[in-house]
Amino acid sequence: MRAMTSHTVLGIETSCDETAAAVLRLENGRATILSEIVRSQVEAHAPYGGVVPEIAARAHADIADQIVAAAIEESGLSLSELDGIAATSGPGLIGGVMVGMMTGKALALASGKPFLPVNHLEGHALSPRLAEDCPFPYLLLLVSGGHCQFIEVRGLGRYRRLGTTIDDAAGEAFDKLAKLLGLGFPGGPAVERNAAGGDPKRYKLPRPLMDRDGLDMSFAGLKTAAARIIEAGELSEQDKSDLCASYQAAIADCLTQRADRALGMFEADGEKRLVVAGGVAANQAIRTSLEEAASRHCARLIAPPLRHCTDNAAMIALAGAEHLAVGQVNGDAMSFSARPRWPLDEASALSDPAYGGGKRGAKA
């Protein structure tokens, strides 16, 4: 009879404008979230129409200890009962990343538990496994405010980038339109709400790079085209809704066309799976479009629950627990340095010596 294996990990996420902590138990490959606390900074950044790094870092520093303590208390466990401490260690806003890393390292040192530095993008890549069975391999579309790329996920720590944005991310494009139209922050949900009452064919907007080979994407030209429409004259509320709908449709078309092509290139032994993760994965129009692309290739579209599309600590705890479960623990992890830039395809297994070197990034 196969022995039961169980690993319980505290995850800490502070890469952008959410201070989050969660306790998760991974038992024979099945994840159970024991607690999850997320404190958003939306109100602090709203007056600026976007995230201000200095404000974010101070807010994380002010509340990180409280959020972590609340997550541990809610889990019903003590620090000594955990098997490891995982914290986002990049990529992200360096001030915030360092707050989470230092908090995680301090707890690991105090408890004698292993510290697990987690790539934030790996957290998103594994996030569908929080709620359902999603075996390797699968094709990942990681689409958020700072990232937009197709990744071949062959296994834990085995990632190959197939295509990426050459300029702006899709989430950034949504935020820019919302700021130009004065729709508020965060921009993605605001644009989606306004698009609901609009005509997606009203404005002729570009679909950059769709006539080129490969899987790279571009959204800078789309932002510029929308800005020119707004600058050309005052828009009525209906005009704004039509522009939001047309803009959303353009982004959905770009992502879907690339997904179609990526699915044609992706090889799987059995069922093909297209995973979409990141904040933009919460957009229902984009999900619907990607679902249609997946069906054309007899593939299954998998997305995390909406609350786990955006930044959260449960996905960080899961990534740490998965590495811990297979023995990928670096003894030198306490010397790991925070990395504002850390491509997912460079995030090899935690047992890799590169994880402990700290040659790049800021020391934490």
Side-chain angles (χ1 to χ4, degrees), residues 42 46 49-50 124 141-150 163-211 215-232 235-262 274-296 301 303-304 306-307 309-310:
V42 167
H124 279 302
L141 169 57
L142 179 57
V143 56
S144 66
H147 306 277
C148 191
Q149 53 194 240
F150 283 96
T164 187
T165 177
I166 63 173
D167 42 54
D168 303 323
E172 182 183 354
F174 274 120
D175 288 340
K176 180 64 173 180
L177 180 64
K179 188 171 185 178
L180 290 172
L181 291 176
L183 300 180
F185 176 80
V191 171
E192 184 176 12
R193 285 193 299 271
N194 277 267
D199 178 3
K201 297 181 180 180
R202 164 84 184 278
Y203 291 100
K204 305 300 181 184
L205 295 173
R207 272 73 168 161
L209 300 188
M210 283 183 61
D211 59 343
L215 296 176
D216 285 345
M217 294 159 282
S218 168
F219 298 99
L222 177 61
K223 286 167 50 179
T224 300
R228 287 176 177 167
I229 291 171
I230 295 167
E231 292 166 1
L235 301 181
S236 68
E237 291 305 310
Q238 186 59 53
D239 292 336
K240 291 180 181 180
S241 291
D242 291 344
L243 181 56
C244 286
S246 300
Y247 195 86
Q248 178 175 262
I251 292 176
D253 286 349
C254 291
L255 295 175
T256 303
Q257 190 255 13
R258 285 319 201 218
D260 250 321
R261 183 172 293 171
L274 171 62
V275 167
V276 57
V280 180
N283 184 290
Q284 292 300 315
I286 289 175
R287 281 201 188 202
T288 299
S289 188
L290 291 172
E291 183 79 63
E292 293 169 357
S295 67
R296 287 192 287 271
L301 179 71
L306 293 180
R307 68 191 177 101
C309 287
T310 52

Next on the checklist: To the nearest 0.5 Å, what is the distance between OH on Y247 and CG on L180?
Outcome noted: 7.5 Å
Checklist outcome for this item: One should read off an interatomic distance between H124 NE2 and H147 NE2, to the nearest 0.5 angstrom, of 7.5 Å
Checklist entry - Does anything in residues 175-185 pair up under side chain to side chain donor-acceptor pair (under 3.5 Å), and if so which pairs, sequence neighbours excluded? => result none
Next on the checklist: With a 3.5 Å distance limit and no angle check, can you tell me whether T288 reaches the backbone of Q284 through a side-chain donor-acceptor pair?
Outcome noted: yes
Checklist entry - Shortest non-hydrogen contact from A178 to G187? => result CB-CA, 3.4 Å
Checklist entry - Yes or no on side chain to side chain donor-acceptor pair (under 3.5 Å) for D253 and Q257, after CA distance, side-chain angles and deciding distance? => result CA-CA 6 Å; D253 286 349; Q257 190 255 13; over 6 Å; no
Checklist entry - Hey, is the main chain of N194 close enough, under 3.5 Å, to the side chain of S241 for a donor-acceptor pair? => result yes
Next on the checklist: Please check: side-chain N/O of Q248 versus main-chain N/O of V191, any donor-acceptor pairing under 3.5 Å?
Outcome noted: no
Next on the checklist: Once rounded to the nearest 0.5 Å, what's the spacing between atom CG of D260 and atom CG of L255?
Outcome noted: 12.0 Å
Contacts under 3.5 angstrom, residues 215-227 side chains, donor-acceptor by atom type, not counting sequence neighbours:
unit_1, atom_1, unit_2, atom_2, d
D216, OD1, T164, N, 3.0
S218, OG, D167, OD2, 2.6
K223, NZ, D168, OD2, 2.9
T224, OG1, A220, O, 3.1

Checklist entry - In Å, rounded to the nearest 0.5 Å, how long is the span from CG of L235 to CG of L181? => result 6.5 Å
Next on the checklist: Run the side chain to side chain donor-acceptor pair (under 3.5 Å) test against R261 and tell me which residues pass, sequence neighbours left out.
Outcome noted: none
Item to check | R228 vs E231, salt bridge (charged side-chain N to carboxylate O under 4.0 Å, His left out): CA-CA, chis, key distance, verdict | outcome: CA-CA 5 Å; R228 287 176 177 167; E231 292 166 1; over 6 Å; no
Item to check | Verdict with reasoning, I230 to L177, per side chain to side chain contact (heavy atoms under 4.5 Å, CB included) | outcome: CA-CA 10 Å; I230 295 167; L177 180 64; 4.0 Å; yes
Item to check | Shortest non-hydrogen separation from A250 to L205 and the atoms involved | outcome: CB-CB, 4.4 Å
Checklist entry - side chain to side chain contact (heavy atoms under 4.5 Å, CB included) between R258 and L141: does it pass, once the steps are laid out? => result CA-CA 10 Å; R258 285 319 201 218; L141 169 57; over 6 Å; no
Item to check | Separation of N283 CG from C309 SG (nearest 0.5 Å) | outcome: 10.0 Å
Checklist outcome for this item: Rounded to the nearest 0.5 angstrom, the OG-CG distance for S289 and L301 is 10.5 Å
Checklist outcome for this item: Nearest heavy-atom contact between F174 and G188 is CB-CA, 3.9 Å
Checklist entry - For S144 and A169, which heavy atoms make the closest approach, and how far apart are they? => result O-CB, 3.5 Å
Item to check | Distance-minimising heavy-atom pair for C148 and A170 | outcome: CB-N, 4.1 Å
Checklist entry - For the residue pair I286 and A252, what are the closest heavy atoms and their distance? => result CG1-CB, 4.0 Å
Next on the checklist: Under a 3.5 Å distance rule, please check whether S246 uses its side chain to pair with a backbone N or O of D199 as donor and acceptor.
Outcome noted: yes
